[in-house]
Amino acid sequence: MIRLENVSKVYKGSVVALRDISTDIQKEEFVFLVGSSGSGKSTFIKMLLKEEEPSEGTIYVAGKDIGQLPRWRVPYLRRNIGCVFQDFKLLANKTVRENVAFALEVIGRPKNIISQRVPAIIELVGLTDKLNSMPHELSGGEQQRVCIARAMVNRPPILLADEPTGNLDPSTSADIMNLLERLNESGTTVLIATHDHAVVDRSRKRVIELDGGKLVRDQVRGVYGIG
Amino acid sequence: MIRLENVSKVYKGSVVALRDISTDIQKEEFVFLVGSSGSGKSTFIKMLLKEEEPSEGTIYVAGKDIGQLPRWRVPYLRRNIGCVFQDFKLLANKTVRENVAFALEVIGRPKNIISQRVPAIIELVGLTDKLNSMPHELSGGEQQRVCIARAMVNRPPILLADEPTGNLDPSTSADIMNLLERLNESGTTVLIATHDHAVVDRSRKRVIELDGGKLVRDQVRGVYGIG
Amino acid sequence: MALRVNYFVDETVSNLRRNVLLTLAAVSTVSISLLLLGVVMVGGEVLTKMVSSWEGKVELNVFLRDEATPEEVKALGSQANGMPEVEKVFFESKEQAFEEYKRMFKDSPAITENVDPNALPASYRIKLKDPNSAEAVASRLQGQPGVDEVQFGGEAMKRLLKFTGVVRTILVIAIILTLGAAILLIANTIRLGIYARRKEIGIMKLVGATNWFIRVPFIFEGTVQAALGALLASALIYAGKVFGLDRMQDAILFLPLTVSSGSIIRMFFTLLAIGIVIGVFGSSLALRRFLEV
Amino acid sequence: MALRVNYFVDETVSNLRRNVLLTLAAVSTVSISLLLLGVVMVGGEVLTKMVSSWEGKVELNVFLRDEATPEEVKALGSQANGMPEVEKVFFESKEQAFEEYKRMFKDSPAITENVDPNALPASYRIKLKDPNSAEAVASRLQGQPGVDEVQFGGEAMKRLLKFTGVVRTILVIAIILTLGAAILLIANTIRLGIYARRKEIGIMKLVGATNWFIRVPFIFEGTVQAALGALLASALIYAGKVFGLDRMQDAILFLPLTVSSGSIIRMFFTLLAIGIVIGVFGSSLALRRFLEV
Ligand SMILES: Nc1ncnc2c1ncn2[C@@H]1O[C@H](COP(=O)(O)OP(=O)(O)OP(=O)(O)O)[C@@H](O)[C@H]1O
Ligand SMILES: Nc1ncnc2c1ncn2[C@@H]1O[C@H](COP(=O)(O)OP(=O)(O)OP(=O)(O)O)[C@@H](O)[C@H]1O
Ligand SMILES: [Mg+2]
Ligand SMILES: [Mg+2]
């Protein structure tokens, strides 16, 4: 589903964020991406979305070399990838409901489907009473959950989540992880970049670890720390 | 140093964020504020900064009722409180160095002090090689550390930190906590709102827990969960 | 697709409502810019009318010899009438000329009393389609039998024509200048409005929106703002006509200081069209650099 | 405090550099708005000069009786000279009047040949300081010994004065309109620029900045933008004078279509002052609502 071949990323200013990464994530896999602060996790995710271009190497998503993708096809790539951004990226001028609905509007879903699926997914992340709030009226964790709802609402084949539990307490965080695991069971490929010890250790899924931009570990049923 | 007397906060839209909170934080104390997502931790911190006004009750900071503070005195209150914001609040148009320096410019520190203290504190949070980067060129954890450096640089008597390790890996996070503890030892009153199990449990400091806006626990040497 | 239109309309309305400051700024800039443009256009119309009426007063005087035979006079008249540059030909007999002369000097009887009614020659007064052809027509008539002398206002008329020429040039410059200013000012405001929302645009792209999906609401928004601006500008100009021009007109009847309501309606549609074109192009262009995510 | 100034200057420079789009938008809006204002001001100066020169041609003609004694004539002359409204008095003898008459009708010898050189009366031609006082002066001179009749252009002059009055009114309206437009347009742009940075302002306040600490760089910034805008506008107007007006002037010498470089320099300082005042007030006002954190 996702394949990287010798991918490197050097930001202008000669910051090497990723060095010669090769890896392969199968369809319906559930993978954690761990590594210390600045090790390149978000860069990894941004490149899958074509938000950043790799400096070297090739990235395949769903079998296609996304480096070759013409500009106008990029939105269609992104519609197949739900993404929870580290900084949420909610639309400040839209309510919770509208933010989540936006992912469906974009792909042209009819109104009745939208008005049915949006409240359902918002209920799943526990924000039914915030349906009509604006993002700035939400707590950090609530914003994060809206972002998770938006990433899942159109049932994408791939879900990327960058630090999806960074602003959540352990119990809410466990709920969200359950949600993601269920999503994975229903066929979605899930990639989660995280620092959360507890989350990684409990799930016992495949763990890819980055260190200073290098892939230093790829373990099938891993834990957060090497131990 | 910080005293709340029967403080309640109702946001417009009748969201009750805090209900009748009374508590007292002594000078040089180190306190964790925990609670699930949306329980009112950030609201608590925002009221200490006078970013939000309580709907009821009185808040004293350094012995003064900040509800009585005239508008033009508010900046002087804030200069005595370093704050790590949950959403960082870095100035997007300034480099890392300038962002940290800003907290000193504001209080009119001379240039030589600024140019000496800023790189020192940035080294403490491990970002010496990012001195001249812009915030959007930093990873999430790096931004968070810049925010921490800015909150500490002018050695304020009070330091508030809202989820300061949410985007940090466990080892960086431990470094930052050590830093905050040292700061506390040198006389700063520290209040940290956090979800981070590990951090709270390891420190064994006073823990205040909020639940649905109510103060449900105030424990001298507490852990994250009640257990 | 019908659903899309629905979304676009909702989106446009909510953008206009939720970014009140941006909406107000855009509408006021558009209306001020178009107001200036409209004032120049209306003023230009008034001035052009005035200038044309001055030019319309320019005439050629073909003085006839006293000895000219009636046949010569008639032939001359039909020759003048046949010229393509000529609009109208009047004949002024010796008697009419004297009457006119007396009218001119009615305040100075001393002057008229001493003039022999027969002293003044008969003449053809020729009105031209384009006063600039006066010299050419004059030289063609000059040598004809029966013609004593052809006068065409000489220096004074040349000056008048140069002056009206200058007025017309200045008007064209003024219209170009205000149109250019309106385009730049409106484009600037649109760009700033989009700049203030650049983050939102980036987010929309990352969530999978196509450029058109993002662009359409902005274009709708620009259109609505342009329409409101044009309406406001036209209303102000109409008020200016009713409370300003029309009252002045009452005070000085001799100047054609007037605009018809019809031409204000025409101006409204012109402003509307200009505003919408700038709005649509401006927002499309301004969006470009923020859509590259 | 010296250190502060340093900070403010650095901050201003880096804001101008790092928000290129905002800087460009502000400078271009300021220069376009001030350009329009400047053009109206310069155009107003030219027109006023033109109109004054027309008004300057208005004269009173005091025709003297042929029987008037030299003493009466002299007394009349000094009376006229003594009147506060009068600027200058010329005497025109019967001979001069005839010469003038011949000059006027030099193209129609038929008319002059029949006039007795003595038929035309001698007269005083009186130039007034303010042509509007003509009627009053005329009525005071009317009954004086030796005076036959006082003419003051009558209807035609009244019309001219009404016309020049209309021109002046329109000029005042044009200046008020463009000044108002400039104020609103510049204020709008400033407000949008500040709106785009509202988040930064909120952050600064939360970190302990006083309102003045935040305001000063914005005010400096507004001042620099206003100065650049005024400079650009003045340069364009100067170019317009050199390549436009001065060339037109060469083509039509009879119209005083000219502006001195001095008055362009004066205009630059006026525009600069207006720009800075709007910039400073505009940014202070626009900041207010974002400073309430
Ligand atoms: N736009 C950019 N320009 C320059 N350098 C960048 C840019 N974005 C990221 N970097 C640098 O690349 C490195 C990797 O960043 P990345 O955001 O991928 O880290 P991360 O693993 O997500 O870290 P964190 O856990 O703190 O979010 C960092 O050192 C960062 O400073
Ligand atoms: N500006 C606001 N307007 C309306 N409601 C608000 C506003 N800010 C916060 N709230 C609500 O108040 C409650 C408490 O919010 P607060 O941000 O204090 O929570 P928190 O404890 O910091 O949560 P988290 O751990 O998710 O950051 C939440 O339900 C939130 O939706
Ligand atoms: Mg990251
Ligand atoms: Mg919070």
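Proteins get letters first, then strands, A, B, ... in listed order; numbering begins at 1 in each.
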Q.
If you count every heavy atom of other residues, nucleotides or ligands that lies below 6.0 Å from A:R202 atom CZ, does the total exceed 12?
A. yes
Q: Drop me the distance from A:T172's OG1 to B:H195's NE2, to the nearest 0.5 angstrom.
A: 7.5 Å
Q. Quick one: of B:G140, B:P170, B:A198, who has the most non-hydrogen atom pairs under 4.5 Å with chain A?
A. B:P170
Q) If you take all heavy atoms of B:S139 and A:G38, which pair is closest and at what distance? A) OG-N, 3.6 Å
(Q) For the interface with chain A, which of B:H197, B:Q144, B:R145 has the highest count of heavy-atom pairs at distances below 4.5 Å? (A) B:R145
Q: Please look at A:S171 and chain B and tell me whether the side chain, the backbone, both or neither of the residue comes under 4.5 angstrom of a heavy atom of that chain.
A: neither
Q. What part of B:V15 is in contact with chain A, defined as an atom under 4.5 angstrom from a non-hydrogen atom: side chain, backbone, both or neither?
A. side chain
Q: Give a yes or no on this: more than 12 heavy atoms of other residues, nucleotides or ligands lie within 6.0 Å of atom CD of B:E53.
A: yes
Q | Over 12 non-hydrogen atoms of neighbours within 6.0 angstrom of CD in A:E181 | A | yes
Q: Evaluate the side chain to side chain contact (heavy atoms under 4.5 Å, CB included) criterion for residues B:D169 and A:Y224: first the C-alpha distance (whole Å), next the side-chain angles of each, then the deciding distance (0.1 Å), finally the verdict.
A: CA-CA 10 Å; B:D169 57 289; A:Y224 187 92; 3.5 Å; yes
Q) For B:E142, is it the side chain, the backbone, both, or neither that has a heavy atom closer than 4.5 Å to a heavy atom of chain A? A) both
Q. So which part of B:D87 gets closer than 4.5 Å to some heavy atom of chain A, the side chain, the backbone, both or neither?
A. neither
(Q) Is B:K130 in contact with chain A via its backbone, its side chain, both, or neither, using a 4.5 Å heavy-atom distance? (A) side chain
Q.
Just by distance, no angles: are the side chains of B:Q86 and A:N167 close enough, under 3.5 Å, to form a donor-acceptor pair?
A. yes
Q.
If you count every heavy atom of other residues, nucleotides or ligands that lies below 6.0 Å from A:E56 atom CD, does the total exceed 12?
A. no
